[in-house]
Amino acid sequence: MSNSPALLMRLMASAYSVAEKSGAIARRVMQSGDLGIVEKTGANDLQTAADRLVQQSICASLSRSFPKLTIIGEEDLPAETVEEDLIDTRQAEEVLLKPCPPEYSGLKEEELVVWVDPLDGTKEYTEAASLLFSPTHRQKVHSGSERQLLATALRLLDHVTVLIGVAYGGKAIAGVINQPFFNYQLGSGADLGRTMWGVLGLGAFGFQLQEVPDGQRIVTTTRSHSNKLVTDCVAAMEPHSVIKVGGAGNKIVQLVEGKASAYVFASPGCKKWDTCGPEAILQAVGGKLTDMHGNAYCYDANVKHMNSAGVLATLRNHEYYVSRVPQSVKQALS
């Protein structure tokens, strides 16, 4: 190449590579059967060895290549030396070959904030493992009921993603979503995992953009963190159907692959590392992510981590969904 790629594209090429490595780490921990689970704030807020190892891998890898970056990860880990085999300083050639949007061509490391969710959908990850590695499963693997159990466990792995988001000037401008277990349906010989990525002004890659059928309102919402505000808000959208799944990253995948038209979560449970990368990918294909009032979130280094006014994301017709949010929900999340 005649010119060195812009900083943002080099960063994205590194993020892509380390996201692929992260997916392999998540699979390896799952296959070991020893997840090293600890409760952070309760049974619905878990951390596994995969969360810890993936965050170490992403943060140490990006810091080594881009030492002036601000990197914010979900897990509160002690400062310690990261094993060398967790560090990946490669850069994906397919990313480097893409042109950097002109408005981002002069960015400096110290101007960027990277938000990392090492394992979005940890609850589903642990539930899948408990099904796959339970004594019952091992004893009855050939029975019909066990095959159904296996299918349930594997479907839960669809919800699991690794998320890396890049923000500039408080705005999510680039993101990576890795699905470690993508392709599990193809059986034991399949290549598992895929990586999706996008940059505002450039587009998004690694998937086929699709939209829900015309006139269909399909809402995706939380699988395990629901309450009356959430259910009231979903109902107010007058959906034709509702899909309850885990993981913010997974819900954005639902939007860009035409399985849902809106992601509705009228609750303060989501954090900046859940939404930064997915928001950038969604916006890169013309979608939008806001709070329940229709306001954009800020991803500066010093903002509070909680998305306290909920999450509303769409591929199209965002204003319709904002207009349907009940006043009671807006007041509760003001």
Side-chain angles (χ1 to χ4, degrees), residues 18-58 73-77 83 85-86 116-164 177-195 220 222-226 243-251 253-254 269-271 273-274 278:
V18 77
E20 296 250 293
K21 183 179 185 69
S22 299
I25 293 170
R27 291 191 294 273
R28 187 173 73 237
V29 172
M30 173 68 70
Q31 288 158 3
S32 76
D34 179 12
L35 267 57
I37 298 171
V38 296
E39 290 188 9
K40 292 192 289 185
T41 60
N44 276 338
D45 188 16
L46 305 177
Q47 183 194 86
T48 69
D51 292 89
R52 297 186 287 275
L53 291 171
V54 168
Q55 180 159 309
Q56 288 179 330
S57 178
I58 294 172
E74 174 179 7
E75 307 305 335
D76 186 14
L77 302 178
E83 296 292 332
D85 66 354
L86 289 175
V116 177
D117 189 340
L119 203 67
D120 187 38
T122 299
K123 181 176 174 62
E124 286 71 25
Y125 183 80
T126 59
E127 287 180 16
S130 68
L131 290 172
L132 290 170
F133 298 104
S134 67
T136 307
H137 172 71
R138 288 176 174 148
Q139 290 165 9
K140 301 179 181 177
V141 73
H142 297 300
S143 74
S145 62
E146 278 305 301
R147 284 195 295 273
Q148 188 173 4
L149 198 68
L150 177 62
T152 299
L154 292 173
R155 278 196 300 273
L156 288 172
L157 292 177
D158 256 345
H159 304 189
V160 178
T161 58
V162 176
L163 307 176
I164 304 173
I177 299 175
N178 177 273
Q179 290 182 294
F181 301 96
F182 182 76
N183 265 352
Y184 69 80
Q185 303 95 328
L186 299 184
S188 57
D191 263 346
L192 289 182
R194 71 166 168 176
T195 300
T220 183
T222 182
R223 174 177 171 265
S224 55
H225 296 91
S226 196
I243 304 170
K244 295 182 179 181
V245 295
N250 177 39
K251 294 181 185 74
V253 173
Q254 305 274 319
C270 231
K271 312 283 199 317
W273 44 72
D274 293 308

Item to check | Partner residues of E20 under the side chain to side chain contact (heavy atoms under 4.5 Å, CB included) criterion, sequence neighbours left out | outcome: Y16, N178, T195
Checklist entry - By side chain to side chain contact (heavy atoms under 4.5 Å, CB included), which residues pair with R155, not counting sequence neighbours? => result A151, T152, Y184
How close do [X] and [Y] get, counting heavy atoms only, and between which atoms?
| X | Y | answer |
| --- | --- | --- |
| G246 | H159 | N-ND1, 3.1 Å |
| L157 | A128 | CD2-CB, 3.6 Å |
| N183 | D191 | ND2-O, 3.3 Å |
| G249 | D120 | N-OD2, 2.8 Å |
| T161 | Q179 | CG2-CG, 3.8 Å |
| L77 | Q56 | CD1-CG, 4.0 Å |

Which residues pass the side-chain hydrogen bond (donor to acceptor under 3.5 Å, both in side chains) test with [X], sequence neighbours left out?
| X | value |
| --- | --- |
| E127 | K123, R223 |
| Q47 | R52, E75 |
| Q55 | none |
| D274 | none |

Only distances under 3.5 Å count here; give the side-chain donor-acceptor pairs of residues 22-29 to other protein atoms, sequence neighbours excluded, each with its distance to 0.1 Å.
from	atom 1	to	atom 2	distance (Å)
S22	OG	V18	O	2.7
R27	NH1	P180	O	2.8

Checklist entry - Is it the case that more than 12 heavy atoms not belonging to D76 sit under 6.0 Å from its CG atom? => result no
Item to check | Working for side chain to side chain contact (heavy atoms under 4.5 Å, CB included), residues L132 and M30 | outcome: CA-CA 9 Å; L132 290 170; M30 173 68 70; 4.2 Å; yes
Checklist entry - Can you find a pair of side-chain heavy atoms, one from P278 and one from K251, that are under 4.5 Å apart? => result no
Checklist entry - Is any side-chain heavy atom of L35 closer than 4.5 Å to a side-chain heavy atom of Y125? => result yes
Checklist outcome for this item: Which of V253, V245, N250 passes side-chain contact (heavy atoms from CB on, under 4.5 Å) with T220? Answer is V245
